[in-house]
Structure formats: C-alpha cells, structure tokens
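Right, one structure below, let's go through it.
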Amino acid sequence: MNTEIKTERATAMGSTMGGELVSYKLDGKEYVWEGLPEYWASHAPVLFPTVGSTIDGSVKFEGTAYPLQKHGFARKQEFRLLEATANKLVYELYDSNESHKVYPYKFRLLITHIISDEGFSTEYTVENIDEKPIWFCIGGHPGFRCPMNDGEKFSDYKLVFEKVENEDVIYTTNYGGGYIDASLPITDKLKNTNEWELDYADYDVDVLLTKKLQSREVKLINKNTGKGISFDFTGFDALGVWTPPKKNAPFVCLEPWNGLPAHLDETGNFEDKPYAIKLEVGKSYSVGYKVKVID
C-alpha cells in the first residue's frame, strides 16, 4: 500500500512494502529513482539485518548457520504503517516465525520518513526485544535520478565531498553476488581530492565502496549548473556508490552502510563482520540520512 504526504511545495510517497520512500517531488520534479524494472525495480530499500552479500548465502549467528541472503530480508517484507501525518510516515516491522528461519533474533524495526520543502530524511531505529543481545548490520540504498533534467547526461554529474579525502575506493566482485576481494584493484578516485566525476564505465564491475571518510556529507550535482542534491550520511561507517553494471541506467545510488559485504576470506561469523552492531537487551539504535535539494 502506498501513502502520499504533502507540504506546500513537496509531495512524497511511501510504501508498506519494505517501508521505503518511493517518491519525493519538489515543485513537481522527481528526485527519487522511479524503480523501472528494466534497470532496477527498487527505490530506496533498507538493508537489514545484513549489508551486501553473505558467502554462499549463509552466515553464522552464535555458531549456527542461517540462510541469510544479500542485503537481508526487511526490504522484501510488508511493514505496518504506524503513523502518517502531513509531512511524516512511520513504518514498523517485527520479527516473525519466518524471519527466525534466517535471522534468530527478536526485534522491532522502525523506518521514519520526514519531508519538507527543502528535501527529506530517512531514519532507521532497531529495538532489541529479545532476551539476549542481538547482532545486525543496517544500511540504506537510496537511488536518485541522474541525470535529473532533460538534455543532460550521466557524465554531466559529479560527487563533491565536504572535505578533501585520501581514502581507497574499492570494488566488490560482479560474481557470486558482490563480495569484497582483496585481489581486485583499488581506485584513486578519492586520493587528495573531494570530487568524483560520474562515469558509467566505473561501475562495470559492481559497487564502488569507501570507508573511513572524513566527510559526513556529499553533493550530487551537475558540473555545469551546480544543481542537484546534498546527502548527509552522518552516523554511517561506509559509503557505496552504484548504478547497475553495463546498463547506462538513469540513476545512481548513494548507499550509507553500517556493515560491509562478505570478504572472501572471512570466518562467516556475523560477530566478526566489520561494523556489525551488538545491541543489548531493551536498547534501541538509530541512524539515518538526509537529502536536501540544491536548486
């Protein structure tokens, strides 16, 4: 079920399927990827309780193997619409007998979308309602139209980080579902610079991933006009940039992650995953991202 909310200038749509925001329009202009299935049928899914691929679709929790697939299961679940106001949607998901087959813990997951005449925010809150600590990773996968206007090209756009960076940008594999493989090349896209020009050829392998960024905000803008969006990913440990390989798709995803895809040489124990979160009994954990239109 889709629900529309409006402010004076903005209109947005949320869906109970995955609890994702499927549209955000400002003055009638769409910024969220429309989800055309010939490219990628999603819009801005949540990645929970894992981020990226698991080795052979399996991971171990407390020594027991579970068949947990890439990006987890929450994005494909029907959430309950908990709250809808003029500018806010809140979606809720609990664990179930089915979820326990792939993830052993009891939890409550809330997704809150708030819109304004400047942009929108998405926040994830995980509550531990189990009788023991729970482990999880969580991330976002929002897609943004790129190019954003008629007559523009994908290569007209660039990413501009708030600070000059000097970090490795790594690939994940395009085989086996997207693992981190130390034998893959490391790019120099963010070596002593804060600008990253978009080029479809860079995504012929899979996602480009960077960790330990100094910046907490990045702009996706047209190189000529300076118009686009700013993306605040405060609270996240890693950022992926992705568009479907070899499809020349008219969108790009900015993916803030707390958690990483599987390493080919990892133990398979979820507790060993980089940036995995341990949440104590009765506690909650919140993180989110913010989008602001630059026009």
What pairs of donor and acceptor atoms, side-chain ones from residues 186-193 against any protein atom, are under 3.5 angstrom apart with sequence neighbours left out?
unit_1	atom_1	unit_2	atom_2	d
Thr187	OG1	Val169	O	3.3
Lys189	NZ	Asp202	OD2	2.7
Lys191	NZ	Asp168	OD1	2.9
Thr193	OG1	Glu195	N	3.1

Show me the side-chain donor-acceptor pairs of residues 283-295 shorter than 3.5 Å, one per line, residues at least two apart or across chains.
unit_1	atom_1	unit_2	atom_2	d
Tyr285	OH	Asn258	ND2	2.7
Ser286	OG	Thr125	OG1	2.7
Asp295	OD1	Lys227	NZ	3.4

Please output the side-chain donor-acceptor pairs of residues 31-41 that fall under 3.5 Å, not counting sequence neighbours, one pair per line with the distance.
unit_1	atom_1	unit_2	atom_2	d
Trp33	NE1	Trp40	O	2.9
Glu34	OE2	Arg145	NE	3.2

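For Lys29, the side chain to side chain donor-acceptor pair (under 3.5 Å) partners two or more places apart in sequence, or in a different chain, are Asn149. Annotation: side chain to side chain donor-acceptor pair (under 3.5 Å) contacts of Glu118 (sequence neighbours excluded): none.
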- [ ] Report the C-alpha distance between Tyr66 and Tyr103 in whole Å, list the side-chain angles of each, state the deciding distance to 0.1 Å, and finish with yes or no for ring pair (Phe, Tyr, Trp, His ring centres under 6.0 Å).
- [x] CA-CA 7 Å; Tyr66 290 84; Tyr103 180 66; 8.2 Å; no
- [ ] Tell me, with the steps shown, if Glu152 and Asn222 meet side chain to side chain donor-acceptor pair (under 3.5 Å).
- [x] CA-CA 9 Å; Glu152 297 177 339; Asn222 183 295; 3.0 Å; yes
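Using a distance-only test at 3.5 Å, with no hydrogens or angles considered, no donor-acceptor pair links the side chain of His43 to the main chain of Leu21. No donor-acceptor pair under 3.5 Å is formed between the side chain of Glu20 and the backbone N or O of Ser15.
For the salt bridge (charged side-chain N to carboxylate O under 4.0 Å, His left out) condition, the pairs that include at least one residue of residues 210-223, sequence neighbours left out, are Glu197-Lys223. Among residues at least two apart or in separate chains, salt bridge (charged side-chain N to carboxylate O under 4.0 Å, His left out) pairs with a member in residues 4-15 are Glu4-Lys6, Arg9-Asp27. Within the structure, the salt bridge (charged side-chain N to carboxylate O under 4.0 Å, His left out) test picks out the following pairs touching residues 124-144 (sequence neighbours left out): Glu62-Lys132, Arg108-Glu127. For residues 80-90, the pairs satisfying salt bridge (charged side-chain N to carboxylate O under 4.0 Å, His left out) are Arg80-Glu92, Glu83-Lys88, with sequence neighbours left out. Residue pairs satisfying the ring pair (Phe, Tyr, Trp, His ring centres under 6.0 Å) criterion with at least one member in residues 111-131, sequence neighbours excluded, are listed as follows: Tyr24-Phe120.
For the residue pair Thr267 / Asp272, a side-chain donor-acceptor distance below 3.5 Å is found, with atom types taken as modelled. For the residue pair Asp117 and Thr7, a side-chain donor N or O sits within less than 3.5 Å of a side-chain acceptor on the partner. A donor atom on one side chain and an acceptor atom on the other are found under 3.5 Å apart for Ser23 and Glu30.
Cluster partners of Tyr94, by chain and number: Ile129. The rule joins Ile, Leu, Val, Met, Phe, Trp and Tyr whenever side-chain heavy atoms lie under 4.5 Å apart. With side-chain heavy atoms closer than 4.5 Å counting as contact, directly or through intermediates, the hydrophobic cluster containing Leu82 also holds Val90, Leu110.
Annotation: side chain of Pro142 is in contact with side chain of Phe231 (closest heavy-atom distance under 4.5 Å). Residues Phe136 and Val126 meet the side-chain proximity criterion, which asks for heavy atoms closer than 4.5 Å.
Linking Ile, Leu, Val, Met, Phe, Trp and Tyr residues whenever their side-chain heavy atoms come within less than 4.5 Å leaves Phe251 and Val218 in two separate clusters.
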